[in-house]
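Read the structure below first, then the notes.
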There are 2 protein chains.
Amino acid sequence: MFPGPPAACQEHGGKGRFVRSVLERIGDKWSLMIIGSLHQGPLRFSALQQAIGGISQRMLTLNLRHLERDGLISRTVYAEVPPRVEYELTELGHSLLVPVLDLVNWAADHSDRIETQREAYDAALEGES
Amino acid sequence: MFPGPPAACQEHGGKGRFVRSVLERIGDKWSLMIIGSLHQGPLRFSALQQAIGGISQRMLTLNLRHLERDGLISRTVYAEVPPRVEYELTELGHSLLVPVLDLVNWAADHSDRIETQREAYDAALEGES
DNA sequence: CTGCATCCTAAATGATACTG
DNA sequence: CAGTATCATTTAGGATGCAG
């Protein structure tokens, strides 16, 4: 399943085979934000789309299926009109929520510093050319 | 810079504007693994490529530039023959390392359970069709 | 060894229209 | 409302060749 011959994350014993695919899922463009958006409880499809902002209906659907496949979120359909579908973190998803929120908080705490770094980097490039 | 009109991660005050771009960088397919691979100290280009496994030269170069631009890693060129280039986490990168390693450890701890979930999900789909 | 440039393919994503 | 399906576009990614 993994192309490279050497271990992906050798620091975690021999079972690192799947660690990589898990990281790839977590490292999806939207997964972190989806999981983070569900931290306070279940949300329905449209609410989730609003909370994330900028994600298309198609991408949200696809990513939700992926996360559901991995057992990180659950999908509940209510037989009503109009139909209502709620997504919620599973127990497994909640355990992932802890490190994910740490990461989101880190991003929030350091976002302006990174912004500064980017500007400095870009400015230095202009000076070279 | 962000398409969606509503706040990206509203749970973090008004400065959530850049949080999203930071999360997108962190959520890059390779960034997590690159940062994780540097946790024990500096690595040169080829060593990094081996440690990650499966990443092409081009992608590694590009991702390293991105991380360098964000001030997360530093690039040091040694004037030798053959040339040697070492990449190392900056102070900012080290602070990110903490939550990143938590995430990697989570992935390692739960990879087999997720693998099971995936198989169950796929099996259930076959039963439907 | 490092890494940039180029070409080319595969995958991700957006827009739109349509269905239960 | 919550999708699915399709098409068109963009982007990521790999392969190769060349340069410092």
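Every chain is numbered from 1 and lettered A, B, ... according to where its sequence line falls, protein lines coming before strand lines. Everything numeric here is computed off the predicted structure, so don't read it as measured data. For the numbers below, each heavy atom of this structure counts, side chains included, while hydrogens, waters and symmetry mates do not.
- With hydrogens and angles disregarded, no donor-acceptor distance shorter than 3.5 Å links the side chain of A:Arg69 to the backbone of B:Glu119.
- Checking the phosphate oxygens (OP1, OP2) of D:dG14, a side-chain nitrogen or oxygen of B:Ser56 falls inside 4.0 Å.
- Rounded to a whole Å, the OH atom of A:Tyr78 is 18 Å from the P atom of D:dC1.
- For the pair A:Met59 CE and D:dA8 P, the interatomic distance rounds to 17 Å; values are reported in whole Å.
- Mapping A:Pro83 and A:Thr61 onto DNA chain D via the closest heavy atom, the residue that lands nearer the 5' end is A:Pro83.
- The pair A:Lys29-B:Asp28 does not count as a salt bridge, with every side-chain nitrogen at least 4.0 angstrom from each carboxylate oxygen.
- Note on B:Tyr87: only backbone sugar-phosphate atoms sit closer than 4.0 angstrom, heavy atoms only; bases stay farther off.
- Closest approach to the A:Arg58 side chain among C:dA15, D:dC1, D:dT4 is made by C:dA15 (side chain taken as heavy atoms from C-beta onward).
- Put simply, A:Arg44 has no side-chain N or O that comes within less than 4.0 Å of OP1 or OP2 on D:dC1.
- When A:Leu62, A:Ile52, A:Leu67, A:Leu64 are each tested for a side chain to side chain contact (heavy atoms under 4.5 Å, CB included) with A:Trp30, only one passes: A:Ile52.
- Atom CG of A:Asn63 is separated from atom C1' of D:dG3 by 15 Å (rounded to the nearest Å).
- Rounded to an integer number of Å, the gap from CZ of B:Phe45 to P of C:dC4 is 9 Å.
- Between the side chain of B:Gln49 and the base of C:dC1, no donor-acceptor pair under 3.5 Å is found.
- Which of D:dG3, D:dG13, C:dC4 sits closest to the side chain of A:Val85 comes down to D:dG3.
- The residue among B:Gln57 and A:Ala47 whose nearest nucleotide of DNA chain D lies closer to the 5′ end is A:Ala47.
- Dashed line: the shortest gap from a side-chain N or O of A:Arg75 to OP1 or OP2 of D:dA2 is not under 4.0 Å.
- Across the protein-nucleic acid pair, B:Leu48 atom CG and C:dC1 atom P stand 15 Å apart, rounded to whole Å.
- Side-chain atoms of A:Val85 and A:Arg75, non-hydrogen and from C-beta on, do get closer than 4.5 Å to each other.
- One atom, CD of B:Glu24, and another, P of D:dT11, lie 12 Å apart when rounded to the nearest Å.
- In this structure, the CG atom of A:Leu60 is 16 Å from the C1' atom of C:dA15, given to the nearest Å.
- If you take CD of B:Gln50 and P of C:dC1, they are 11 Å apart, rounded to a whole angstrom.
- Residue A:Ser46 has a polar side-chain atom (N or O) positioned under 4.0 Å from OP1 or OP2 of D:dA2.
- A search for salt bridge (Lys or Arg N to Asp or Glu O under 4.0 Å) contacts involving B:Glu86 returns B:Arg84, not counting sequence neighbours.
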